[in-house]
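Below is one structure, written out as structure tokens, with a few remarks after it.
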Amino acid sequence: EPNPMAPVDGSMVTRWSSDYVSEIQWIYFDLGAERVVSNIVIKWERAYAANYKILVSSDAKKWNEVYHDEKSPGGKREVYFAPRKCRYVKILGLEKVNKDWGISIWEVEIYGPREHNPASAMTKQAYSNRSEDGAKKKEVEKLIASLAAKPVSIKEKPFQKGVIYTSWMSDELSLA
């Protein structure tokens with residue numbers, strides 16, 4: 001089940017995932033009040049949006065595009081754009097990297113200029129340095145990179161004996 005809070009819970013263990021059916025998928029974030037936004041960090045899972053837009057809004061009805069990545073390689077993407085006043089930020093996935101998957105995000109960080117956001121609880125620097133020592137931070141970045149990496153072709157993998165089959169439905173093998 002998709003967890004809309006997962007991309008903002010500060011944990012690289014949880015993630016948000018769209019459904020697998022339609023191509024266009026989205027998630028948006030309510031900042032609680034109008035803020036000035038200019039920088040977003042998206043930590044994509046392997047099922048990333050190869051083509052996506054970032055939109056902002058003051059009312060969650062009329063959206064304005066601030067960024068468009070038509071050839072995203074996935075992984076950790078740091079996006080910058082001209083500062084925009086908004087309350088809502090939407091990530092709109094237009095094309096999935098794999099047609100059989102949805103799109104999936106580990107974490108999203110939304111930042112703006114400090115001088116325009118005096119009530120902000122934490123700066124980008126403070127957030128990225130929070131309680132993580134250098135070795136742990138490098139370990140997390142390595143984990144992000146490995147989880148976001150493209151799958152290796154079966155031709156490149158060594159032969160393995162045995163099979164593990166994971167099913168999403170209890171009666172999937174009985175379907176004709």
- [ ] Taking the side chain as every heavy atom from C-beta outward, state whether Y111 and V41 have any pair of such atoms under 4.5 Å apart.
- [x] yes
Task: Separation between NZ of K53 and CG of D69, rounded to the nearest 0.5 Å - done: 12.0 Å
Open item on the list: Tell me whether F81 shares a hydrophobic cluster with L94, the cluster being built from Ile, Leu, Val, Met, Phe, Trp, Tyr side chains joined at under 4.5 Å.
Closed with: no
Open item on the list: Which residue is it: Y52, W101, W106, W16? I am looking for the one with a ring pair (Phe, Tyr, Trp, His ring centres under 6.0 Å) to W44.
Closed with: Y52
Open item on the list: Rounded to the nearest 0.5 Å, what separates atom CG in L92 from atom CG in L55?
Closed with: 5.5 Å
Task: Six-ring centre of W26, K90 cation under 6.0 angstrom, axis tolerance 45° - done: yes
- [ ] Would you kindly confirm whether W63 and V66 end up in one hydrophobic cluster when ILVMFWY residues are joined by side chain heavy atoms under 4.5 Å apart?
- [x] no
Task: Residue pair S104 / R15: nearest heavy atoms and the distance that separates them - done: OG-NH1, 2.7 Å
Open item on the list: Once you measure the plane-to-plane angle for Y28 and Y88, does it fall in the parallel (<30°), tilted (30-60°) or perpendicular (>60°) bin?
Closed with: perpendicular
Open item on the list: Please report the interatomic distance CG(N64) to SG(C86), rounded to the nearest 0.5 Å.
Closed with: 9.5 Å
Task: Where E34 and S58 come nearest, the two heavy atoms and their spacing - done: OE2-OG, 2.6 Å
Task: Minimum side-chain heavy-atom gap K85-V56 below 4.5 Å - done: no
- [ ] Calculate, to the nearest 0.5 Å, the distance between atoms CZ and CD1 belonging to R77 and I105 respectively.
- [x] 13.5 Å
Task: V37 and L31, any side-chain heavy atoms less than 4.5 Å apart - done: yes
- [ ] Check whether M5 and I91 end up in the same hydrophobic cluster, where Ile, Leu, Val, Met, Phe, Trp and Tyr are linked by side-chain heavy atoms less than 4.5 Å apart.
- [x] yes
Open item on the list: Rounded to the nearest 0.5 Å, what separates atom CG in N98 from atom CZ in R46?
Closed with: 10.0 Å
Task: Min side-chain heavy-atom separation E95-E70 under 4.5 Å - done: no
- [ ] Please report the closest heavy-atom contact between G93 and A49, naming both atoms and the distance.
- [x] CA-CB, 4.0 Å
Task: Exam field: side chain S38 to backbone G112, donor-acceptor pair closer than 3.5 Å - done: no
Open item on the list: Working to the nearest 0.5 angstrom, can you tell me the gap between N51 CG and I103 CD1?
Closed with: 10.5 Å
